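These notes concern the structure reproduced below.
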Number of protein chains: 2
Amino acid sequence: MLYMRSTQDDRTTRAVIRDEALRLFAERGPESVTVRQIAGAAGVSAGLVVHHFGSKDGLRQEVDQYVLAVFEAMLGELTGEGGQELLDPGAGSASLSEAFARHLPAGSPLPGYLRRLLLTGADTGRVLFRRLFELSRRTLDELVAAGTADPGRDPAVRAAVLLANDLAVFLLRDHLTDVLGTDPLSVDGMARWAPELLGVYAGGLNAAPQGEAPPPR
Amino acid sequence: MLYMRSTQDDRTTRAVIRDEALRLFAERGPESVTVRQIAGAAGVSAGLVVHHFGSKDGLRQEVDQYVLAVFEAMLGELTGEGGQELLDPGAGSASLSEAFARHLPAGSPLPGYLRRLLLTGADTGRVLFRRLFELSRRTLDELVAAGTADPGRDPAVRAAVLLANDLAVFLLRDHLTDVLGTDPLSVDGMARWAPELLGVYAGGLNAAPQGEAPPPR
DNA sequence: CAGCATGTTAAACGCTTGTTCAATCCCGTG
DNA sequence: CACGGGATTGAACAAGCGTTTAACATGCTG
């Protein structure tokens, strides 16, 4: 093909368009991105975008599906591999946030897209959240079974609290980076964030930090 | 004026336009709302909207300023009235969420607009978040001074954790309503949410609930 | 080698957008 | 009572939007 990307790139032109759309959608939101901008970013004409995806909305839906699939794959690895390591205050894991940081490259647009999906993706967002909520409920159940957590008065609400706290890092990532000087989804950032959150989970707000770094108790 | 709103309404036409814009912006986002739609909702012509606010962006900025002003007023009442009642695990207050529920009418578009401001309002959102972060830091300081909380290893991060947890309810309101069956910003919803969160804050995830079902103050 | 499906482009189309403009209406003031 | 000025409208405008179309190049298949 003469029209294929110049330098070596094993992705199909179709995939390149999809990736650029994903990036731009995550950055500015689908409404603020034009077909011509996507085409420009992918190095093709506007007509080709429509030719491949039927319409702009068709492209958006395909990106939705793609992101969801990647996310599910991530979740699969997480819950499937070495038993439940999710949300376990004992292990170094701080759940979803850490999962993303570990499974995705540094500047990946995926977190941003998922954020937008969660906040403005009418139906897809609802499905996604329900999925996460069920996961959170099961995780809490496991923690209770293991004696690591109490179900509380209202286990559904407690699971929701845990999920919300987890997602908050995600949704507020940029602002947190701004005021703390560290991206909470980066390795350094999680090293600051996780102990503080797990400290509260372990003994409440009033308990002094326990797992020491400097002070030998 | 013959053109004034039919039924009694003490608001200026200008104010009506501003309010309708606020509502629509909060619902769908400024990019997805047209000047004609705003005009239609306010019962005026598109030209008049521009005449009053210069441009669509001018209108958006004015709504921004208006929302920020109302929010600041709310914050002022909160921090100023009976000393610090904010984030105090002893009182029934669950901070920002409760403040909104108490100071705003039921279907107010303000929470939705603030959410959007926080998540997509480039500079305004940053300023808003910094403001809230400073408030959270001061509140944590007071809790520490009162012996109700420990500063933790990294007080800035601990304050950020508290703020993020608080804002999460806000940002995920619709989804939480969906899975829990109760709006967490309503009176009923807070009655479910607050005890669970405060329970964790009081003794961590593993502690059994302490204050009984209806706590006799 | 003919032929056909596919990838691709440039140009054009129709529609919606934000904005401008001239005209009209009404009130307050001199 | 004239009149000037703000409020208000409907029509018009240019620009940008998503999409359609006709044409062309390319690689595969019989």
Side-chain angles (χ1 to χ4, degrees), chain A residues 1-66 116 120-122, chain B residues 1-66 116 120-122:
Chain A
M1 307 187 195
L2 190 69
Y3 300 106
M4 274 300 266
R5 301 226 106 200
S6 49
T7 54
Q8 276 171 333
D9 189 343
D10 51 349
R11 285 133 84 218
T12 320
T13 303
R14 198 170 188 281
V16 172
I17 296 174
R18 192 235 300 126
D19 290 349
E20 291 301 316
L22 166 48
R23 186 177 60 83
L24 290 170
F25 285 168
E27 263 174 30
R28 301 182 231 157
E31 290 92 11
S32 306
V33 177
T34 74
V35 173
R36 285 169 174 82
Q37 286 170 341
I38 298 170
V44 300
S45 71
L48 190 60
V49 174
V50 175
H51 172 253
H52 274 305
F53 300 93
S55 67
K56 182 188 176 179
D57 196 69
L59 171 56
R60 214 217 60 239
Q61 284 176 236
E62 180 140 336
V63 175
D64 274 15
Q65 286 315 109
Y66 175 70
R116 218 171 273 273
T120 64
Chain B
M1 308 186 193
L2 191 69
Y3 301 106
M4 276 298 267
R5 299 227 106 199
S6 49
T7 55
Q8 277 170 332
D9 190 344
D10 52 347
R11 285 133 84 219
T12 319
T13 302
R14 197 169 189 281
V16 173
I17 297 174
R18 193 235 298 125
D19 289 349
E20 291 300 315
L22 165 48
R23 186 177 60 84
L24 289 170
F25 285 169
E27 262 174 30
R28 302 182 231 156
E31 289 92 11
S32 305
V33 176
T34 72
V35 173
R36 286 177 234 275
Q37 287 170 340
I38 299 170
V44 300
S45 71
L48 189 61
V49 174
V50 176
H51 171 254
H52 275 305
F53 299 92
S55 67
K56 181 187 177 181
D57 198 67
L59 172 55
R60 214 216 61 241
Q61 283 175 238
E62 180 141 335
V63 175
D64 275 14
Q65 286 315 109
Y66 175 70
R116 219 170 273 273
T120 64

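In what follows, chains are A, B, ... by sequence order, proteins preceding strands, each numbered from 1. Note that this is a predicted model, so its numbers are computed, not measured.
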message = I'd like to know if Arg36(A) reaches the base of dG16(D) with its side chain, counting only an N/O donor and acceptor under 3.5 Å.
response =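 Looking at the base of dG16(D), it does not pair with any donor or acceptor on the side chain of Arg36(A) (distance under 3.5 Å).
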Just compare [options] and give me whichever is closest to any side-chain atom of [X].
X: Thr34(A); options: dT20(C), dG18(C), dG18(D); answer: dG18(D)
X: Leu48(B); options: dT9(D), dT19(D), dT8(C); answer: dT9(D)
X: Lys56(A); options: dT19(D), dT8(D), dT19(C); answer: dT19(D)

Measure from [atom1] on [X] to [atom2] on [N] and round the result to the nearest Å.
X: Arg60(B); N: dT19(C); atom1: CZ; atom2: P; value: 12 Å
X: Ile38(A); N: dG18(D); atom1: CD1; atom2: P; value: 8 Å
X: Phe53(A); N: dT8(C); atom1: CZ; atom2: P; value: 11 Å
X: Ile17(A); N: dT6(C); atom1: CD1; atom2: P; value: 17 Å
X: His51(A); N: dC24(D); atom1: NE2; atom2: C1'; value: 14 Å
X: Asp57(A); N: dG18(D); atom1: CG; atom2: P; value: 11 Å

request  = Please step through side chain to side chain contact (heavy atoms under 4.5 Å, CB included) for the pair Gln65(A) and Glu62(A), ending with a clear verdict.
outcome  = CA-CA 5 Å; Gln65(A) 286 315 109; Glu62(A) 180 140 336; 5.6 Å; no
message = Between Thr12(A) and Ala15(A) (side chain of the first, backbone of the second, donor and acceptor by atom type, cut-off under 3.5 Å), is there such a pair?
response =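 No; zero donor-acceptor contacts below 3.5 Å.
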message = Taking the six-membered ring of Phe53(A) as reference, does the cationic atom of Arg14(A) (NZ for Lys, CZ for Arg) lie under 6.0 Å from its centre and within 45° of its axis?
response = yes
query = Taking atom CG of Asp64(A) and atom CG of Leu59(A), what is their separation to the nearest 0.5 Å?
reply =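 Asp64(A) CG to Leu59(A) CG: 9.5 Å, rounded to 0.5 Å.
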inquiry  = Any side-chain N or O of His52(A) below 4.0 angstrom from OP1/OP2 of dT8(C)?
reply    = yes
ask   = Think Thr13(A) has a side-chain N or O under 4.0 angstrom from the OP1 or OP2 of dT8(C)?
value =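 For dT8(C), OP1/OP2 do have a side-chain N/O of Thr13(A) under 4.0 Å.
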message = Using a 4.0 Å heavy-atom cut-off, does Ser45(A) contact any base of the nucleic acid, only the sugar-phosphate backbone, or nothing at all?
response =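 Base contact.
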inquiry  = Once you apply a heavy-atom cut-off of 4.0 Å, does Val33(B) come out as touching a base, just sugar-phosphate, or nothing?
reply    =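 Sugar-phosphate, backbone atoms only, no base.
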key: Side-chain heavy atoms of Val50(A) within contact of Lys56(A), under 4.5 Å   = no
